[in-house]
Amino acid sequence: MFNMLCMDLRRLFRTRSFYIILGVAAGLILMVALMTAVISDPETLDGMGVHGAEIDEIDRQMSEEIRNMAQLDLACETLGGGFLLIIVGIGVTLFASGDFTSGFVKNICCVQPRRICYVLSKALAAGVYSGIITLLGTLLILLAPYLYGMRPAPNTLLEILQYLFWMWLPHWAFGLMALALVLLTRSTTWGIILSLVAGGGLTAVLVGTLGQLLRWPPLETYFLSSVVKGVYVPGRGITGTGVILACSIAWAVLYGTGSLLAMEKRDI
């Protein structure tokens, strides 16, 4: 399995789509940081008001709140919406589906007939993929505001490392969801669609609405999109670290089991 993992990682770093996704993620985060800097500048708001834009007291309060945010406050507000989940889901989908679209999976399974090795290798590669995306997104959103003249209060290195770790776990589990869907359907389209829907929090909203009608417990709080929304510095976060860990492990086990069953029950 180690050789298979090394092969997957080499192929990952040589895949054009990997760098395209990194570039798209970086570009979008820099654009969001620029918009945040524009909104936080009171002189810009005054100029927009002079040119006819409707600027009310709520806009000015939001601008002041942004100026008073620390680095991780900005990261939480920006990345908590599920943007990186979508990027991870699409990336893992494209990477995993490459074996089936090229037919390379037949060669792999002939050399290594144990399907569990194939699934574990892809799951670990998804962990590396999600780790790189999480690291890139976090570093950019922490540093980009300084490029646009903002001066958010710095957090300690320990707090940043803790934030990175607790963000990485649910993103890895989400990558395993994309992997399971590819292995089950052998379709890139379905993986991308579900990444957009689930990563953006639509499934959590639908389940929450249905739960209110049927008086269910708040199941939507345990979805990965909801977990990511609540990640912050441990001890000051919205979602407890125990919940983050439990949800990430539970979803990872569920999706990992689904991936293995999908590989075992279908001929290659």
Side-chain angles (χ1 to χ4, degrees), residues 1-29 79 82-112 114-138 167-200 224-225 228 248 251-264 266 268:
M1 190 195 73
F2 178 76
N3 292 333
M4 189 179 298
L5 175 61
C6 292
M7 178 190 67
D8 279 334
L9 293 179
R10 283 196 299 269
R11 188 167 62 87
L12 171 64
F13 294 130
R14 293 178 180 177
T15 303
R16 182 182 302 177
S17 62
F18 173 68
Y19 296 99
I20 292 175
I21 288 176
L22 289 182
V24 170
L28 291 176
I29 290 175
L79 304 181
F83 166 69
L84 291 185
L85 285 176
I86 295 174
I87 295 295
V88 168
I90 293 175
V92 173
T93 296
L94 295 176
F95 173 68
S97 62
D99 286 350
F100 297 95
T101 55
S102 64
F104 187 58
V105 66
K106 296 180 179 180
N107 298 330
I108 298 176
C109 291
C110 287
V111 175
Q112 178 54 267
R114 295 184 62 192
R115 304 295 172 83
I116 188 173
C117 293
Y118 179 87
V119 172
L120 285 176
S121 176
K122 286 292 184 291
L124 293 175
V128 174
Y129 203 130
S130 58
I132 294 173
I133 294 294
T134 305
L135 177 62
L136 174 69
T138 303
M167 279 288 282
W168 170 58
L169 289 181
H171 282 82
W172 187 3
F174 194 85
L176 296 181
M177 179 208 71
L179 173 63
L181 194 64
V182 168
L183 297 183
L184 180 63
T185 65
R186 314 291 165 89
S187 171
T188 304
T189 303
W190 282 111
I192 293 176
I193 291 175
L194 188 59
S195 296
L196 292 170
V197 172
L224 291 173
S225 58
V228 166
S248 299
W251 286 110
V253 170
L254 177 64
Y255 294 137
T257 303
S259 298
L260 184 59
L261 292 176
M263 285 295 293
E264 291 288 354
R266 297 188 65 174
I268 302 299

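A quick note: this is a predicted structure, and the numbers were derived from the prediction, not measured.
The shortest non-hydrogen separation linking A25 to I87 is CB-CG2, 4.2 Å. The two atoms that bring S195 and A178 nearest to each other are OG-CB, 4.4 Å, heavy atoms only. Among all heavy-atom pairs drawn from S259 and L183, the shortest one is CB-CD1, 3.6 Å. A pairwise comparison of heavy atoms in S248 and P170 identifies OG-N, 3.3 Å as the closest pair. The minimum heavy-atom distance linking G199 with S225 is given by the pair O-CB, 4.1 Å.
Counting heavy atoms from C-beta on, the side chains of L22 and I133 come closer than 4.5 Å. A 4.5 Å side-chain heavy-atom check between L84 and F174 finds every atom pair outside the cut-off. A heavy-atom distance below 4.5 Å is not found between the side chains of M177 and W251. Inter-residue side-chain proximity for L94 and T188 is flagged as met; some heavy-atom pair is nearer than 4.5 Å. In this structure the side chain of V128 reaches within 4.5 angstrom of the side chain of L9, judged on heavy atoms. Side-chain contact between D8 and F95: present, with at least one pair of heavy atoms (C-beta onward) separated by less than 4.5 Å. Counting heavy atoms from C-beta outward, W172 and L124 have side chains that approach closer than 4.5 Å. Side-chain atoms of L176 and L179, non-hydrogen and from C-beta on, do get closer than 4.5 Å to each other.
Taking the ring centroids of F18 and Y129, they lie under the 6.0 Å cut-off.
Taken from CG in L79 to NE2 in H171, the straight-line distance is 7.0 Å, to the nearest 0.5 Å. To the nearest 0.5 Å, atom CD1 of residue I193 and atom OG1 of residue T189 are 6.0 Å apart. Once rounded to the nearest 0.5 Å, the distance linking OG of S121 with CD1 of I116 reads 12.0 Å. Note that CZ of F83 is 5.0 Å distant from CD1 of I29, once rounded to the nearest 0.5 Å. In this structure, CG on L169 lies 10.5 Å from CG on L224, to the nearest 0.5 angstrom. To the nearest 0.5 Å, atom OG of residue S17 and atom CD1 of residue I90 are 11.0 Å apart.
Looking at T134, L85, L135 one by one, the single match for side chain to side chain contact (heavy atoms under 4.5 Å, CB included) with M167 turns out to be T134.
Not a single donor-acceptor pair under 3.5 Å links the side chain of Y118 to the backbone N or O of M4. Although no hydrogens or angles enter the test, the distance criterion places a donor-acceptor pair under 3.5 Å between the side chain of T185 and the main chain of S187.
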